[in-house]
Student: 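I have a structure here, written as structure tokens, and I will follow up with some questions on it.
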Amino acid sequence: MTPTKNSAELLEVEGREVRISNPGKIVFPESGLTKLDLVHYYLAVADGALRGVANRPMVLKRFVKGIEEEAFFQKRAPEKRPEWIETATLHYASGNSAEEVVVNDAAALAWVVNLGCLDLNPHPVRADDLDHPDELRIDLDPMPGVDWAQIVDVAMIARDVLDDVGLAGWPKTSGSRGMHILVRIEPRWDYRQVRLAAETFAREVERRAPGLATARWWKEERGESVFVDFNQNAKDRTVASAYSVRPLADARVSTPLDWDEVPQARPEQFTVPTVLERFARLGDPHAGIDDDAGQLDALLALAEELGPAEKPPRSGDGSSRRQSTMPLIEIARAKTKPEALEGLERWKGRHPEVVRSLAPADVLVDGMRGSSSLWYRVRVNLQHVSEAERPEQEPLEVDYDPWATRRA
DNA sequence: GCATCTC
DNA sequence: GAGATGCAACGCCCC
DNA sequence: GGGGCG
Ligand SMILES: [Mn+2]
Ligand SMILES: [Mn+2]
């Protein structure tokens with residue numbers, strides 16, 4: 001008799017057999033959570049987790065060596081898969097397509113967790129209508145330095161705006177630093193229209209909460225505010241779904257809330273162990289999310305009323321680069337964050353008088369996705385520096401060329 | 001994590 | 001049989 | 001076609 005492979009666990013889930021390889025493998029070194037712990041978590045909250053992903057194609061984000069190692073994305077469903085795994089084929093403007101996994105039951109949930117999936121990232125459409133989202137997603141992204149209280153303030157204002165345009169919002173922590181508000185809509189509008197509705201919504205939140213929230217695309221225009229990331233509603237963009245475990249040391253969960261919990265909630269309260277207990281006690285606050293579907297007419301009418309968003313100024317010279325609305329200079333590009341920040345410190349040393357007038361949000365440090373690896377860029381917004389004192393763009397403090405090897 | 005390719 | 005490799009390539013807006 | 005954004 002051939003024994004089943006060394007150290008695998010065969011689970012029976014709703015009459016289907018799911019093999020969990022390396023069940024004792026540690027996924028979260030700090031909290032000690034194993035693969036099998038995560039399978040048990042997802043099965044315990046399956047009613048809620050499936051409400052977030054059922055009938056939706058999803059991108060697989062696989063942490064096959066735990067959260068400390070880099071994950072990879074996989075759009076196409078593995079060719080070898082149980083016959084009960086459902087899929088949907090997405091088509092792109094390029095002519096390419098991808099047959100993505102659709103998780104519709106607890107067994108499929110266990111199967112994707114075994115593949116190394118942690119957070120689940122479904123599209124805002126259902127498999128039976130891939131061109132018309134049934135979910136508008138309000139993605140509240142705090143810029144650096146923004147505290148939780150400000151996110152809550154923006155969320156409550158967002159709720160007022162939703163109310164005014166006749167829509168119901170379902171709030172959850174993102175599991176990272178921000179919040180998501182899900183809005184169930186009738187699948188009557190295409191991606192372009194849903195995104196326009198989301199952008200209009202974002203502009204209205206900014207109008208009602210100036211300084212707290214922003215709908216500005218360019219980072220240097222945002223300041224210390226909550227970015228209402230309307231672009232998350234574009235085609236081929238996904239969001240971590242309800243009850244997703246995020247790849248942070250404390251195993252935080254994107255946790256559905258009731259609106260009356262929002263003011264008191266803190267993201268770090270909701271982790272795999274605490275959400276297990278909470279779900280057993282309260283069930284899913286989003287249980288009613290599919291009972292009603294809203295209309296985008298009011299938001300699209302407002303879009304018409306407001307007209308196009310303010311366009312950035314034409315670049316005066318002949319260069320084909322966007323001209324920033326802000327006096328922005330680039331300081332450094334480097335392979336690592338410390339290297340980039342050293343460059344920033346040297347620059348500060350040379351311009352002490354300028355540093356005194358900089359606001360925290362005037363220093364922009366971004367991780368950039370290069371051809372293969374990550375690199376870092378530092379920019380400074382000189383808006384608070386008097387024109388006479390503004391240093392010119394200088395040669396970069398550190399100059400890393402992320403394409404150096406491949407361009408040759 | 002796993003199928004697949006190469007030695 | 002052991003070891004290496006691939007697993008995404010988008011979409012949007014503006015020069 | 002590329003930069004910036006996610
Ligand atoms: Mn977000
Ligand atoms: Mn976002």
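The shown structure was predicted, so the numbers you read here are calculated from the model rather than taken from an experiment. Naming: A, B, ... by sequence-line order, numbering from 1 per chain.
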Student: With heavy atoms under 4.0 Å as the rule, sort A/Lys35 into base, sugar-phosphate or nothing.
Tutor: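 Touches sugar-phosphate only.
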
Student: Of the nucleotides B/dC2, D/dG6, C/dA9, which has the atom closest to the A/Arg76 side chain?
Tutor: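 So the side chain of A/Arg76 is nearest to C/dA9.
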
Student: Figure out the CZ/C1' separation between A/Phe73 and C/dG6, and round it to whole Å.
Tutor: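 So the two atoms are 16 Å apart, to the nearest Å.
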
Student: Contact between A/Arg278 and A/Phe270 at the side-chain level, heavy atoms closer than 4.5 Å - yes or no?
Tutor: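 Side chain of A/Arg278 against side chain of A/Phe270, heavy atoms only: contact under 4.5 Å found.
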
Student: When A/Asp119 is tested against each of A/Ser174, A/Ser176, A/Ser244, A/Ser241 for side chain to side chain contact (heavy atoms under 4.5 Å, CB included), which residue passes?
Tutor: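 Passing option: A/Ser244.
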
Student: Just compare D/dC5, B/dC2, C/dA8 and give me whichever is closest to any side-chain atom of A/Lys219.
Tutor: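 The listed nucleotide nearest to A/Lys219's side chain is D/dC5.
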
Student: Is there a donor-acceptor contact under 3.5 Å from the side chain of A/Arg126 to the main chain of A/Ala54?
Tutor: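 Answer holds: yes.
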
Student: Compare the minimum distances between each of D/dC5, C/dG11, B/dG1 and the side chain of A/Tyr92, then state the nucleotide with the smallest one.
Tutor: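 Selected nucleotide (nearest to the side chain): C/dG11.
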
Student: Can you find a side chain N or O atom of A/Arg379 that sits less than 4.0 Å from OP1 or OP2 on D/dC5?
Tutor: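 A/Arg379 to D/dC5 OP1/OP2: side-chain N or O found under 4.0 Å.
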
Student: With a 4.0 Å limit, can you tell me whether A/Arg62 has a side-chain N or O closer than that to the phosphate oxygens OP1/OP2 of C/dA8?
Tutor: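 For C/dA8, neither OP1 nor OP2 has a side-chain N or O of A/Arg62 closer than 4.0 Å.
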
Student: Please report, rounded to the nearest Å, how far the P atom of C/dG6 is from the NZ atom of A/Lys61.
Tutor: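 For the pair A/Lys61 NZ and C/dG6 P, the rounded distance is 22 Å.
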
Student: Is the shortest side-chain N/O distance from A/Lys25 to OP1 or OP2 of B/dG1 below 4.0 Å?
Tutor: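 The answer is yes; a side-chain N or O of A/Lys25 sits under 4.0 Å from OP1 or OP2.
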
Student: Is A/Asp37 close to A/Val272 at the side-chain level, that is, under 4.5 Å between some pair of heavy atoms?
Tutor: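 No - every pair of side-chain heavy atoms lies 4.5 Å or more apart.
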
Student: Using a cut-off of 4.0 Å on non-hydrogen atoms, how would the nucleic acid contact of A/Arg81 be classed: base, sugar-phosphate, or nothing?
Tutor: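 Nothing, no nucleic acid heavy atom in range.
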
Student: Check the side chains of A/Glu100 and A/His123 for a donor-acceptor pair under 3.5 angstrom, ignoring hydrogens and angles.
Tutor: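 Yes, side-chain donor-acceptor contact under 3.5 Å.
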
Student: In terms of side-chain heavy atoms of A/Ser94, which of C/dC10, D/dC5, C/dG11 is nearest?
Tutor: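 So the nucleotide nearest the side chain must be C/dC10.
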
Student: Out of D/dG4, C/dC10, C/dC13, which has the shortest distance to the side chain of A/Arg195?
Tutor: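 From the listed options, C/dC13 comes nearest.
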
Student: For A/Asp366, report the nucleic acid contact type (base, sugar-phosphate, nothing); a contact means any heavy atom under 4.0 Å.
Tutor: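 It contacts nothing in the nucleic acid.
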
Student: Please say which of A/Gln264, A/Glu268, A/Gln269 ends up in a side-chain hydrogen bond (donor to acceptor under 3.5 Å, both in side chains) with A/Arg266.
Tutor: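 It is A/Glu268, the one option of A/Gln264, A/Glu268, A/Gln269 that forms the side-chain hydrogen bond (donor to acceptor under 3.5 Å, both in side chains) with A/Arg266.
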
Student: What are the residues of residues 228-248 of chain A, sorted by number, that bring a heavy atom to within less than 4.0 Å of DNA chain D?
Tutor: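 DNA chain D contact set from residues 228-248 of chain A: A/Asp229, A/Gln232, A/Arg237.
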
Student: Report the distance from atom CD of A/Gln74 to atom P of B/dA3, rounded to the nearest whole Å.
Tutor: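 Spelled out: CD on A/Gln74 to P on B/dA3 is 12 Å.
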
Student: Look at all strands and tell whether A/Arg377 reaches a base, only sugar-phosphate, or nothing, counting heavy atoms closer than 4.0 Å.
Tutor: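 Sugar-phosphate: the residue A/Arg377, judged by heavy atoms under 4.0 Å, touches backbone atoms but no base.
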
Student: Is the side chain of A/Arg390 donor-acceptor paired with the backbone N or O of A/Leu382 at a distance under 3.5 Å, no angle test?
Tutor: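 Yes, the answer is positive, given that a donor and an acceptor are paired below the 3.5 Å cut-off.
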
Student: So does A/Asn114 get a side-chain nitrogen or oxygen closer than 4.0 Å to the phosphate oxygens (OP1/OP2) of B/dC2?
Tutor: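 True: A/Asn114 side-chain N/O within range (under 4.0 Å) of B/dC2 OP1/OP2.
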
Student: Pick out which of A/Arg237, A/Arg51, A/Arg56 makes a salt bridge (charged side-chain N to carboxylate O under 4.0 Å, His left out) with A/Glu135.
Tutor: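 Of all the options given, the one that passes is A/Arg56.
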
Student: Check every atom of B/dG1, D/dG6, B/dT4 against the side chain of A/Lys80 and return the nucleotide holding the closest atom.
Tutor: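 Per side-chain heavy atoms of A/Lys80, the pick is B/dT4.
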
Student: In whole Å, what separates the C1' atom of B/dG1 from that of C/dC10?
Tutor: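 It works out to 26 Å between them.
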
Student: Check the distance between C/dC12's P and A/Glu199's CD and give it to me in whole angstrom.
Tutor: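 Distance, rounded to whole Å: 13 Å.
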
Student: Can you tell me how far C1' in D/dG2 sits from the matching atom in C/dA9, rounded to whole Å?
Tutor: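 D/dG2 and C/dA9 have their C1' atoms separated by 15 Å.
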
Student: Students often get this wrong, so: under 4.0 angstrom with heavy atoms, is A/Ala98 touching a base, only sugar-phosphate, or nothing?
Tutor: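 Contact class for A/Ala98: none.
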
Student: Ignoring backbone atoms, test whether A/Asn96 places a side-chain nitrogen or oxygen under 4.0 Å from the OP1 or OP2 oxygen of C/dC10.
Tutor: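 Checking C/dC10 against A/Asn96, a side-chain N or O does come within under 4.0 Å of OP1 or OP2.
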
Student: How long is the line joining NE2 of A/His123 and P of C/dG11, in whole Å?
Tutor: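 After rounding, the gap between these two atoms is 10 Å.
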
Student: Rounded off to whole Å, could you give me the NE2-to-P distance for the A/His91 and C/dA9 pair?
Tutor: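 Rounded to the whole Å, the gap is 14 Å.
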
Student: Once you apply a heavy-atom cut-off of 4.0 Å, does A/Lys75 come out as touching a base, just sugar-phosphate, or nothing?
Tutor: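 Result for A/Lys75 = base.
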
Student: Here's a test for you: under ring-ring contact (aromatic ring centres under 6.0 Å, His included), which of A/Phe279, A/Tyr41, A/Tyr42 qualifies with A/Tyr243?
Tutor: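 Exactly one pass, corresponding to A/Phe279.
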
Student: Could you check how far CG of A/Asp190 sits from C1' of C/dC12, rounded to whole Å?
Tutor: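 After rounding, the gap between these two atoms is 14 Å.
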
Student: Between C1' on C/dC12 and CZ on A/Arg192, what's the gap in Å once rounded to a whole number?
Tutor: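 So the CZ-C1' distance, A/Arg192 to C/dC12, works out to 12 Å.
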
